[in-house]
Amino acid sequence: MSRSAHPAGPRHADVLPEGHPSAPPADLNHLDRKVWASTVTRTPDGVVSVGGVEVTRLAEEFGTPAYLLDETDFRERARAWRTAFGPDADVFYAGKAFLSRAVVRWLHDEGLNLDVCSGGELTTALSAGMPADRIAFHGNNKSVDEIESAIRAGVGRIVLDSFQEIVRVAHIAQSLGKRQRVQIRITVGVEAHTHEFIATAHEDQKFGIPLAGGQAAEAVRRALQLDGLELIGIHSHIGSQIFDMSGFEVAAHRVVGLLKDIRDEHGVELPEIDLGGGLGIAYTSTDDPREPHEIAKALTEIVSRECEGAKLRTPRISVEPGRAIVGPTAFTLYEVGTIKPLDGLRTYVSVDGGMSDNIRTALYDAEYSVALVSRTSEAAPMLVRVVGKHCESGDIVVKDAFLPADLAPGDLIAVPATGAYCRSMASNYNHALRPPVVAVRDGEARVIVRRETEEDLLRLDVG
Ligand SMILES: *Cc1c(COP(=O)(O)O)cnc(C)c1O
């Protein structure tokens, strides 16, 4: 059967493939508050708006695909984390989730600190005016140049990730005539992922120094001896997209256990512990994330209880949410292109982006939802798979979702909860031009990261 590139006209509702888990939602026009940024709403004429601006206008002005970021929602989430943890704790936003200069300024305004893990992220943070002492530098293989830049800039802490790095950072700091504040990242034998965590005896991963076998204690011993270092605490990051707090409970128990051993051996009580990030968000209606104040209360209680048991002063806690702040604040706006019904299976809906702007589905088997946003529809639901335009059959944006059966080329659809790890992991695969990030607030939209152009591509190609 031959088919034009843009078949028009109504599509039939597909039959659900055998064993398909989810039924279509009662109303396809409804926007589930859980997965959409706070100012997203459907206007009386049926078009969805964000920050008071309709997506049809945004598409006209900025093109598609585009990441539309709700600045009000971002600030509210940042503030909620800051407020929840209060003055005796620090919230470091994990810049790798999404970093731009505008975001750095918002974080600064809202009183958050910032995690970076590369020279590029450090430069972005400093160039937007984040005070260096509010920046933490991470990474399992920081280059000598990166370490030197971080120390010269005066970052608040470097998180040490290996025995070699302990010596390297101490040496560089000393040669610059400085004493660098550091934490040691340890692995506590807990791996948390979404709704469960696994306690393992042995940590088979590239990050951190294992608590097991006394390695973390040995790292502390060495760090305490080096003049270039001021050891301020222990760091643990157990996973991502976590809903179950029990993984943090085990991690805190083990970190505090190490603090106690350090006190007993060296007579020093380290003043800080960092419990990392990884708090989950709602990608679909089935996810139920916790509010920052519940997380803050749970973590603070766990640490205080553990410290009381170990007769330690409660250290200053820091956390590092990335996804939980920026993830829900943005959605990706796409224009529908080719629609291809496969009888008895599902309908493939192709959009003008794909794995180049959202690699998470291909990389992590991530789940997303999708909605028709340029109009409402009363048509029956059809089971769809939203795919991109790349030369790769794994180029899937949304694996399984329902869209109205009258979906047509030129409609705008949006995938919510794409604020984290989408633009920051975007690629130029097939020489795609990475989409812009447009911040919308109080009826105004402004580009904070512009769309790439073909000139940008050619500029790098100097052969
Ligand atoms: C990735 C990372 C985070 C942030 O993780 P989220 O899932 O975005 O909250 C925090 N801390 C460290 C050390 C990380 O590597």
Side-chain angles (χ1 to χ4, degrees), residues 74 77-78 80-82 84-85 89-99 103 107 112-118 121-122 125 134-142 146 150 155-162 165 182-188 190-195 197 203 205-209 233-245 247-248 251-252 255 272-283 287 289-292 295-296 298-299 317-330 358-360 363-364 366-367 417-425:
F74 184 99
R77 284 176 198 279
W81 278 87
R82 187 63 285 227
F85 278 86
D90 297 301
V91 180
F92 286 76
Y93 169 79
K96 70 182 189 202
F98 172 64
L99 195 66
V103 160
L107 294 165
L112 275 74
N113 296 353
L114 179 63
D115 270 0
V116 298
C117 59
S118 72
E121 289 182 359
L122 177 64
R134 282 167 56 185
I135 298 175
F137 201 101
H138 280 267
N140 66 303
N141 188 23
K142 306 168 191 79
E146 286 172 327
V155 297
R157 66 170 74 145
I158 293 179
V159 181
L160 302 172
D161 199 83
S162 67
E165 199 172 76
V182 296
Q183 292 187 339
I184 293 176
R185 177 164 175 176
I186 67 167
T187 49
V188 294
V190 169
E191 199 183 347
H193 188 65
T194 64
H195 296 281
F197 79 94
E203 277 295 48
Q205 60 152 312
K206 72 170 186 170
F207 292 111
I209 298 176
I234 300 296
H235 181 285
S236 151
H237 171 74
I238 57 173
S240 64
Q241 188 59 358
I242 304 166
F243 293 99
D244 180 353
M245 299 301 286
F248 287 102
V255 170
E272 295 185 9
I273 74 172
D274 189 311
L275 293 172
L279 288 314
I281 63 165
Y283 283 105
D287 294 324
R290 297 189 180 214
E291 294 293 324
I295 295 163
L299 291 183
I317 298 174
S318 49
V319 287
E320 307 176 312
R323 181 195 324 264
I325 292 176
V326 73
T329 67
N358 187 347
I359 191 66
R360 292 191 66 262
L363 192 58
Y364 308 121
E367 292 194 5
T418 57
Y421 306 107
C422 287
R423 181 58 183 81
S424 69
M425 287 184 157

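Bear in mind the structure is a predicted one, so any value in this text is a computation, not a measurement. In what follows, residues are counted from 1 in the order of the sequence shown. Start at 1 and go down the list; that is how both ligands and their atoms are numbered.
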- Message: To check your reading of the model: name the closest protein heavy atom to atom 9 (O) of ligand 1, its residue, and the distance in Å.
- Response: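 Heavy-atom neighbour on the protein nearest atom 9 (O) of ligand 1: G278 N, 2.8 Å.
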When you measure from the side chain of [X] to the backbone of [Y], do you find a donor-acceptor pair of N or O atoms at a distance under 3.5 Å?
{"X": "Y421", "Y": "F98", "result": "no"}
{"X": "E146", "Y": "K142", "result": "no"}
{"X": "S424", "Y": "K96", "result": "yes"}

- Item | Step-by-step side chain to side chain donor-acceptor pair (under 3.5 Å) determination, S318 to D274 | CA-CA 5 Å; S318 49; D274 189 311; 2.9 Å; yes
For ligand 1 and [X], I'd like to know whether there is a polar contact (N/O to N/O, distance under 3.5 Å).
{"X": "P321", "result": "no"}
{"X": "A324", "result": "no"}
{"X": "E320", "result": "yes"}
{"X": "Y421", "result": "yes"}
{"X": "S240", "result": "no"}

- Message: Please report the interatomic distance CE(M245) to CD1(I295), rounded to the nearest 0.5 Å.
- Response: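 It comes to 5.5 Å.
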- With respect to atom 15 (O) of ligand 1, which of Q241, K96, H237, H138 exhibits the smallest heavy-atom separation?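 Comparing heavy atoms across Q241, K96, H237, H138, the nearest one to atom 15 (O) of ligand 1 lies in K96.
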- Task: Please confirm whether A420 comes under 4.0 Å of ligand 1, counting heavy atoms of the residue only.
- Result: no
- Can you tell which of R157, E320, R134 makes a side-chain hydrogen bond (donor to acceptor under 3.5 Å, both in side chains) with N113? R134
With a cut-off of 4.0 Å, which atoms of ligand 1 are near a heavy atom of [X]?
{"X": "G277", "value": "9 (O), 10 (C), 11 (N)"}
{"X": "G322", "value": "6 (P), 8 (O), 9 (O)"}
{"X": "R185", "value": "13 (C)"}

- Task: Give the ring-plane orientation class for H235 versus H237, where under 30° counts as parallel, over 60° as perpendicular and anything between as tilted.
- Result: tilted
- Item | Minimum heavy-atom distance between G208 and D161, given as atom pair plus value | N-OD1, 3.0 Å
